[in-house]
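Only one structure is covered here, and it is reproduced in the block below.
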Amino acid sequence: MAHRQSSALADLRIAERHTPRILLVDDNRELTAILQDLLAGQGYDVTAVGSAEQAEIEIRRRPPDLVLSDVIMPGKSGYELCRELKEDPSTRLIPFVLITGLSNRDDRVRGIEAGADDFLNKPTFAEELFARVKLLKVKEFTDELETAEAVLCTLALSVESRDPYTEGHCERLAQNASNLGRHLNLDEDSVVALRRGGYLHDLGKLAVPDEILNKHGNLTPEEWEVMKRHPATGESICRPLKSLRLVLPIIRSHHEHSDGSGYPDGLRKGEIPLLPRVLQVVDVYDALRTARAYKPAFTHSQAAATMREEAHKGLWDKDLVMEFFSMLRRQKLVA
């Protein structure tokens, strides 16, 4: 049985692989024909276009694994195309190589400022071309990181599935936390971290036995100690992924209280980073609004009154609680 599963996973990985796609952007048809032949001979799937505008259409239609672009073209320059791709979160990880006959130092600096990953000289030699295409390995590595994040999110959702009372909890937290981040005018990296944190915040509960996780009634002191370890466990699981560095404080500190009574580190308001405090507010609201093994679901009014009272006592960040309910009113999610 294990062998069949291993074989099936191997077949799936093979099926998911695709021939690396390279997009050539150059109005010199003679040059692009030569480069296409060279790269196709190495097994790459190569598409050539004659302008930055055509490249943008092609990238939206079929994102490449690498862009090789001339600098000087009719319309938009290669610098402009590179800058736009690198400023867009959906395309910034695509390696971008500028093909240039310009040897001026200032021209190279312009390319670096635009975000170019490398340069290819004109005239172009095959050995230099193939050396630059090694950037595809970088793209493959970032794709693997994205896959690793997806695996962790799947594991986190499996934790949710162990508790019939929390169906949809992670998705709601991801949505509400990222919405609150935007409402607070946080930068886009922080908003993305809040969304990821919504899925991954309780990942450490993988190590909590079902009889503790789903217990009806109060936990014993020993059981509570096991439960309180889950934020640190989740942080340890995610720490190897550098792409999750902004998410780690959310995972570890989302159960800290402003009055120092939380866990695992007993932090107080001034010590708890902002992103965990943001996620904490939407987490508490969702917990109050849904039925759990130990309580019925609260109405919005009951949840709001409870959270304001608890924030006044020092459990939650009062300002963030106010901003959260202001956001809900603005979005007309509640009366």
Side-chain angles (χ1 to χ4, degrees), residues 11-104 107-150 242-243:
D11 291 342
L12 178 60
R13 291 191 186 101
I14 292 170
E16 287 177 343
R17 292 175 189 158
H18 67 267
T19 302
R21 295 191 292 270
I22 297 176
L23 178 63
L24 282 174
V25 190
D26 199 318
D27 60 323
N28 185 329
R29 293 185 179 181
E30 183 178 344
L31 176 61
T32 54
I34 294 171
L35 294 180
Q36 273 188 294
D37 287 344
L38 287 171
L39 293 168
Q42 296 293 310
Y44 297 112
D45 176 1
V46 186
T47 299
V49 295
S51 69
E53 289 78 11
Q54 290 175 320
E56 290 170 340
I57 294 170
E58 183 63 28
I59 290 167
R60 285 194 296 269
R61 186 185 74 83
R62 191 167 175 249
D65 297 299
L66 175 69
V67 176
L68 299 173
S69 175
D70 190 19
V71 171
I72 301 172
M73 297 178 289
K76 258 182 211 174
S77 69
Y79 297 131
E80 292 172 291
L81 175 63
C82 180
R83 183 176 292 106
E84 289 176 5
L85 294 183
K86 292 300 182 179
E87 289 177 351
D88 185 338
S90 68
T91 56
R92 66 184 174 191
L93 294 180
I94 299 175
F96 196 105
V97 177
L98 282 171
I99 308 172
T100 177
L102 304 173
S103 56
N104 187 295
D107 294 317
R108 290 291 179 120
V109 170
R110 282 186 66 191
I112 293 169
E113 289 175 343
D117 296 282
D118 209 340
F119 298 87
L120 186 61
N121 293 319
K122 287 183 179 180
T124 301
F125 297 98
E127 295 81 2
E128 188 179 3
L129 172 65
F130 298 147
R132 296 303 183 271
V133 172
K134 73 180 185 294
L135 284 169
L136 281 167
K137 295 297 182 184
V138 176
K139 180 64 164 55
E140 290 173 6
F141 179 68
T142 57
D143 286 346
E144 287 176 6
L145 283 184
E146 290 173 5
T147 300
E149 290 176 10
K242 292 190 185 333
S243 58

Evaluate the side-chain proximity of L35 to I22: yes if any heavy-atom separation is below 4.5 Å, no if none is. no
side-chain contact (heavy atoms from CB on, under 4.5 Å) evaluation trace for L129 with L38: CA-CA 9 Å; L129 172 65; L38 287 171; 3.9 Å; yes
CZ of R92 to SG of C82, rounded to nearest 0.5 Å, is 14.0 Å
N/O donor-acceptor pair under 3.5 Å between D117 side chain and V97 backbone: no
Distance from D37 atom CG to Q42 atom CD, nearest 0.5 Å? 12.0 Å
Rounding to 0.5 Å, atoms CG (L98) and CD1 (I72) come to a distance of 11.0 Å
Please determine which of D118, L81, T91 meets the side-chain contact (heavy atoms from CB on, under 4.5 Å) test together with F96. L81
From R83 CZ over to K86 NZ, what is the distance, rounded to the nearest 0.5 angstrom? 12.5 Å
Value rounded to 0.5 Å, distance of CD in E80 from CZ in R110: 8.0 Å
Would you name the heavy atoms of D65 and P20 that are closest together and state the gap between them? OD2-CA, 3.5 Å
For M73 and D70, work out which heavy atoms get closest and say how close. CE-O, 3.6 Å
To the closest 0.5 Å, what do you measure between CD (E56) and CD1 (I59)? 7.0 Å
Closest heavy-atom pair, S69 versus G78, reported as atoms and distance to 0.1 Å, is OG-CA, 3.8 Å
